[in-house]
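For the single chain, residues carry numbers from 1 onward in sequence order. Since the structure is predicted, the reported quantities are computational estimates derived from the model, not experimental observations. Each ligand, and each atom within it, is numbered from 1 in the order the structure gives.
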Amino acid sequence: MVNTWNAYQCFITFIWSRAASFIYCGLRNGYGYRDTVQDIQGIIHLDPAMAKEKIIFMLSAQVNNGGGLPLVKFNHNAGHEDTPDDMSYVQATGHPAYRADDALWLFPTILKYIGESGDKEFINEVIPYANEEEGTVYDHLKRAINFSMERLGAHHMPAGLHADWNDCLRLGKKGESSFVAFQLYYAMSVLRDFAKDLNDTEYIAYLDEVQKVLGDTIQNNCWEDDRFIRGFKEDGEVIGSKKNPEASMWLNPQSWAVISGLATKDQAEKALESVYRELNTAYGARVMAPSFKNHAFDGALALLFNGSTKENGGIFSQPQGWIILAESLMGHGNRAFEYFMESAPAAQNDNADVRVLEPYVHGQFTESVESPFEGRSHVHWLTGTASTVMVGCVEGILGLRPDLDGIKIEPAIPSTWNEFTMEKVFRGKNLNITVKNPNGAQGGVKACYLNGEKLESNYILASKLNAENEIVVEM
Ligand code: IFM
């Protein structure tokens with residue numbers, strides 16, 4: 001899956017986004033911002049140059065207030081576009097308002113691009129905004145932070161606006177999204193690394209201050225015993241509380257609490273355990289449960305779907321990549337691989353009459369436990385699942401994590417794997433990596449050797465690499 005079919009699907013979604021899918025949306029007149037920025041992540045390690053070109057295009061579709069254009073027209077004319085604040089844009093695209101998450105996807109995508117390519121100069125490249133003005137990539141990222149910071153709700157968390165990642169959660173200008181709060185927290189960490197590299201001390205101080213406030217806010221308002229809540233409705237009522245009769249447990253806040261680096265170890269362990277207990281099925285983890293039936297609120301558009309399908313308690317495929325990554329980051333190799341196998345197309349070759357999709361391609365969602373067709377999957381090819389599962393496997397399970405100055409190798413694998421090898425091209429250098437696991441560990445690196453030399457840790461500076469490298473990692 002990783003080297004061939006997942007990679008192939010990543011390129012297909014990268015090229016087409018959702019634009020060519022008659023199954024998904026009929027004829028569409030442009031690219032969705034969030035989807036397109038996320039899709040880039042799946043091909044960065046395979047073709048950084050292509051990734052860069054698309055990142056520049058998507059930055060040129062960011063409005064000068066920092067938000068992304070929900071839909072980027074096929075004939076996008078950077079610097080001259082109208083925005084969701086203009087009726088002309090709304091009429092032309094059918095998109096009436098900003099989404100809370102769009103521009104926040106730029107952070108992991110740009111970090112991965114610079115990490116993989118070593119192209120640190122990219123941060124200083126000047127790119128136009130969609131409507132007017134231009135700025136460096138660094139400036140674009142700062143404005144993306146501002147966009148969220150200027151749209152906070154009563155708990156000082158980002159407003160959910162027209163949607164966050166979940167198209168079926170309309171939280172509005174007053175409702176708040178914990179998912180976006182975690183994304184924003186993560187974005188601040190990414191930008192701090194860039195700010196350090198640029199020696200921008202004033203901005204580092206700003207980030208330190210606002211990130212601390214945001215972190216405290218999330219901790220004080222969103223943690224409930226064994227889970228992070230999903231957010232707040234416009235009237236302040238909690239979404240995703242344990243006490244709620246429906247939708248009391250949501251997948252993405254748990255995985256993103258870990259990915260963002262905000263969850264404590266204890267919270268991370270409990271939240272991931274709750275996911276496994278309450279959301280996991282034979283075909284992957286449900287996006288939330290129990291499904292909405294009688295207690296949906298006005299912004300819970302998921303009620304449009306039958307229970308156990310799509311956003312209404314279905315097994316949404318894209319978040320499987322995030323739970324694989326979150327489990328891996330915690331060193332839970334067995335769980336990470338279990339989630340991978342539950343949703344891996346190739347692992348369901350013998351179940352084709354139930355799954356119905358091709359056994360080499362991810363779909364958008366799988367019907368879950370309440371459906372008479374449990375396991376049936378839908379909307380093949382054009383789905384963000386391709387890139388999240390790729391990232392979950394490569395950065396998570398295989399543990400290949402490039403950053404600004406080098407690469408960390410931190411696998412999280414099934415304890416039954418005694419040894420495996422990987423070959424990776426990193427910044428033009430060949431890495432031949434052998435991972436040894438004689439004691440049956442799931443995570444954690446004991447020693448790392450580069451060309452025979454024992455390193456201080458499992459972080460390898462890019463400057464120490466030769467054209468050919470033999471790397472041994474002992475778990
Ligand atoms: O995040 C969205 C995506 O943009 C389009 N498909 C559905 C996802 C979840 O709502």
> With T309, which of E370, H378, E367 fulfils side chain to side chain contact (heavy atoms under 4.5 Å, CB included)?
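By the side chain to side chain contact (heavy atoms under 4.5 Å, CB included) criterion, T309 pairs with just one of E370, H378, E367: E367.
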> For Y203 and R192, which I'm curious about, is there any donor-acceptor pair between the side chains at under 3.5 Å?
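No pair is found: no donor N or O on one side chain lies under 3.5 Å from an acceptor on the other.
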> Judging by distance only, is a nitrogen or oxygen of E311 under 3.5 angstrom from one on ligand 1?
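In this structure, E311 places an N or O atom under 3.5 Å from an N or O of ligand 1.
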> Is it the side chain, the backbone, both or neither of Q364 that has a heavy atom closer than 4.0 Å to ligand 1?
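The answer is the side chain of Q364.
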> Are the side chain of E176 and the backbone N or O of M157 linked by a donor-acceptor pair below 3.5 Å?
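Indeed, once roles are kept as given, a pair shorter than 3.5 Å links the two residues.
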> Quick check on side chain to side chain contact (heavy atoms under 4.5 Å, CB included): which of L262, T217, I229 does C222 satisfy it with?
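With C222 as partner, side chain to side chain contact (heavy atoms under 4.5 Å, CB included) holds for just one option, I229.
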> Residue-level breakdown please: for D35 versus ligand 1, do any non-hydrogen atoms fall below 4.0 Å on the side chain, on the backbone, on both, or on neither?
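Side chain only.
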> Measure from atom 2 (C) of ligand 1 to every heavy atom in Y33, W105, W165, F365 and give the option owning the shortest one.
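Going through Y33, W105, W165, F365 one by one, W165 has the nearest heavy atom to atom 2 (C) of ligand 1.
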> One pair to check against side chain to side chain donor-acceptor pair (under 3.5 Å): S371 and S308. What are the steps and the verdict?
CA-CA 6 Å; S371 167; S308 284; over 6 Å; no
> Which of the numbered atoms in ligand 1 are under 4.0 angstrom from any heavy atom belonging to N166?
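Answer, ordered by atom number: 10 (O).
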